[in-house]
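Here is the structure we will look at, set down as structure tokens.
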There are 2 protein chains.
Amino acid sequence: MAKYRLLLVEDDTSLGYVLTEYLKMKNFSVLWVKNGKDALTVLLEQPFDLCIFDIMMPDMDGFQLAENINQKNITIPFLFLTARSLKIDLLKGFSLGAIDYIRKPIDEEELVVRLNSLLSILKKTDQKEEELYKIGKYSFSPSNYELKIYDEKRHLTARESELLLYLLKNKNNISRHSDILNTLWGKNDYFNRKSLNVFITHLRKYLSKDDSIKIDNIHNQGFILITSSE
Amino acid sequence: MAKYRLLLVEDDTSLGYVLTEYLKMKNFSVLWVKNGKDALTVLLEQPFDLCIFDIMMPDMDGFQLAENINQKNITIPFLFLTARSLKIDLLKGFSLGAIDYIRKPIDEEELVVRLNSLLSILKKTDQKEEELYKIGKYSFSPSNYELKIYDEKRHLTARESELLLYLLKNKNNISRHSDILNTLWGKNDYFNRKSLNVFITHLRKYLSKDDSIKIDNIHNQGFILITSSE
DNA sequence: ATGAAAGATTAATCAAAGGTTAAAGCCTAG
DNA sequence: CTAGGCTTTAACCTTTGATTAATCTTTCAT
């Protein structure tokens with residue numbers, strides 16, 4: 001089983017250290033940062049499966065961090081792990097989109113089973129791959145990497161296929177640069193972005209035989225596969 | 001939003017009644033049964049989105065119920081809601097496939113947000129809950145930066161979109177210069193104010209196809225998006 | 001009424017982002 | 001170990017859009 005990648009945001013040095021080591025021992029890949037600002041930076045650059053936020057931290061607290069994530073349209077599951085046990089805080093946490101709110105002091109073993117439970121739910125809902133997609137006059141089979149129009153077939157490469165699938169899953173909605181890159185490339189930097197452009201060019205060429213289909217760029221935001229038909 | 005269907009398995013009559021009524025008030029559809037046997041029967045007959053199991057019950061306890069479910073390959077998400085607070089019980093609960101383990105006494109409000117959170121993760125597939133604003137004859141999707149009237153679509157830039165969203169949130173109320181500038185630009189000076197004017201001009205042009213919409217200036221105060229319709 | 005400040009509009013500017021093509025690396029099967 | 005296909009990097013060109021500027025028009029206090 002692939003390691004799950006966790007981002008731990010915790011300003012308390014000793015707790016942060018203990019948790020990081022424990023979770024690593026339990027076969028998680030953990031990045032520990034000590035404040036919300038650093039968290040935002042790495043979230044834009046690297047993919048994670050789940051984030052764990054402390055609330056009370058200097059500079060940017062956990063709530064502010066969650067607000068920032070929502071505002072920036074970063075799609076990442078997160079939960080709060082906090083000493084703040086008041087109900088009002090819990091309600092606020094969930095209303096910000098947290099998938100859990102765990103009160104300190106936490107038993108490490110309990111934390112691990114809760115993390116695994118949440119991660120397995122998240123994974124289950126993410127995996128749903130259909131057999132055949134219709135794109136205007138084209139049809140696309142992600143499992144064979146095959147793009148067909150009329151009788152013409154074209155075999156896409158793995159990357160081309162993944163990218164097209166990603167765009168299709170968000171058909172007529174923005175697929176954000178950062179989300180694409182984090183999902184397909186695993187990181188988001190200058191070179192990946194360039195690479196992404198190259199593959200977008202490929203897909204546009206392959207799909208050029210049906211004018212009702214286009215891949216638009218939304219400046220500084222992402223790409224959007226538009227099918228005007230249907 | 002469609003009602004979620006819950007199955008509550010709880011032998012305590014007064015708690016069962018209170019919970020059922022409370023959850024119904026919170027727009028859940030609830031079936032309450034008092035033992036594991038009845039639970040199994042209705043699970044085979046009716047669909048549910050989520051089940052809530054007490055543990056300590058006569059005849060068949062919650063753990064046995066969960067074991068039965070696994071053995072019969074019934075795929076249904078369930079969680080435990082129990083007075084048994086020992087870690088060993090929690091670990092057993094998760095190992096049986098529970099998606100949460102909530103210790104009594106439970107605050108009803110907290111229970112509801114936890115249920116909603118879990119259900120929204122589970123239903124992530126049809127979680128296409130993109131917000132859409134109506135502005136007279138226009139509709140605006142902030143996540144796609146898309147402004148639509150009839151069949152015409154226009155993609156706004158990030159700034160245009162943010163500004164329109166800000167005005168919409170204060171629809172028919174004044175959006176102050178200083179508030180807009182501080183929120184979107186992060187500072188408020190001569191040049192930003194000039195920039196803001198330019199974007200207001202853009203939005204006015206984009207929205208000019210419906211006379212019932214206008215963006216008025218309140219001298220020295222701010223702007224106000226007015227929709228006379230509705 | 002009048003002048004200064006504020007607002008509206010259009011256009012110019014320029015750095016950043018995107019597009020395209022080709023060459024360079026990198027795997028992997030044979 | 002090498003040939004061929006795929007991905008990444010590079011080079012170069014085009015487009016985009018926030019800002020600034022320039023020029024009118026409106027508002028408001030006096």
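Being a predicted model, the structure only gives us computed values, none of them experimental. Within every chain, numbering begins at 1; the chains are lettered A, B, ... in the order of the sequence lines, protein sequences first and strands thereafter.
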Would you say a side-chain N or O of [X] is under 4.0 Å from OP1 or OP2 of [N]?
X	N	value
A/Asn197	C/dG18	no
A/His155	D/dG5	no
B/Thr157	D/dA18	yes
A/Trp185	D/dT8	yes

Whole angstroms only, please: what is the [atom1]-[atom2] distance between [X] and [N]?
X	N	atom1	atom2	answer
A/Arg154	D/dC6	CZ	C1'	14 Å
A/Tyr190	C/dG18	OH	C1'	11 Å
A/Lys205	C/dA22	NZ	P	9 Å
A/Arg176	C/dA17	CZ	C1'	16 Å
B/Leu181	C/dG7	CG	P	11 Å
A/Ile218	D/dG17	CD1	C1'	13 Å
B/Ile200	D/dA18	CD1	P	14 Å
B/Leu196	D/dA18	CG	P	13 Å

Options D/dT9, D/dT19, C/dG19, nucleotide nearest the side-chain atoms of A/Arg204: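 For A/Arg204, the side-chain atoms sit closest to C/dG19.
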Selected nucleotide, minimal atom distance to B/Arg159 side chain, candidates C/dA8, D/dA18, C/dT10: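 When the side chain of B/Arg159 is considered, D/dA18 is the closest of C/dA8, D/dA18, C/dT10.
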First encountered from the 5' end of DNA chain C, between B/Gln221 and A/Thr201: B/Gln221
5' priority, DNA chain C, between B/His202 and B/Arg193 [closest heavy atom]: B/Arg193
Cationic N near anionic O, under 4.0 Å, A/Lys34 to A/Asp11: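 No.
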B/Glu110/A/Arg103 salt bridge by N-O under 4.0 Å criterion: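 Yes, A/Arg103 and B/Glu110 are salt-bridged.
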Pairwise 5' ranking along DNA chain D for B/Ser195 and A/Asp189, keeping only the more 5' one: A/Asp189
Test item: B/Ile200 and B/Asn217 side chains (from C-beta on) under 4.5 Å apart, heavy atoms: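 No, their side chains stay 4.5 Å or more apart.
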N/O donor-acceptor pair under 3.5 Å between A/Arg84 side chain and A/Ile55 backbone: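 Side chain of A/Arg84 to backbone of A/Ile55, a donor-acceptor pair under 3.5 Å: no, none is there.
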Expected output: side-chain A/Asn220 to main-chain B/Ala158 donor-acceptor under 3.5 Å: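 Checked: no pair found.
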Per-nucleotide protein contact string for nucleotides 22-30 of chain D (B base, S sugar-phosphate only, - none; heavy atom under 4.0 Å): -----SS--
Geometric cation-pi criterion, B/Arg193 with B/Trp185: 6.0 Å, 45°: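 No, B/Arg193 does not lie over the aromatic ring of B/Trp185.
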A/Phe80 ring center within less than 6.0 Å of A/Phe63 ring center: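 Judged by ring-centre distance (under 6.0 Å), A/Phe63 and A/Phe80 do meet the cut-off.
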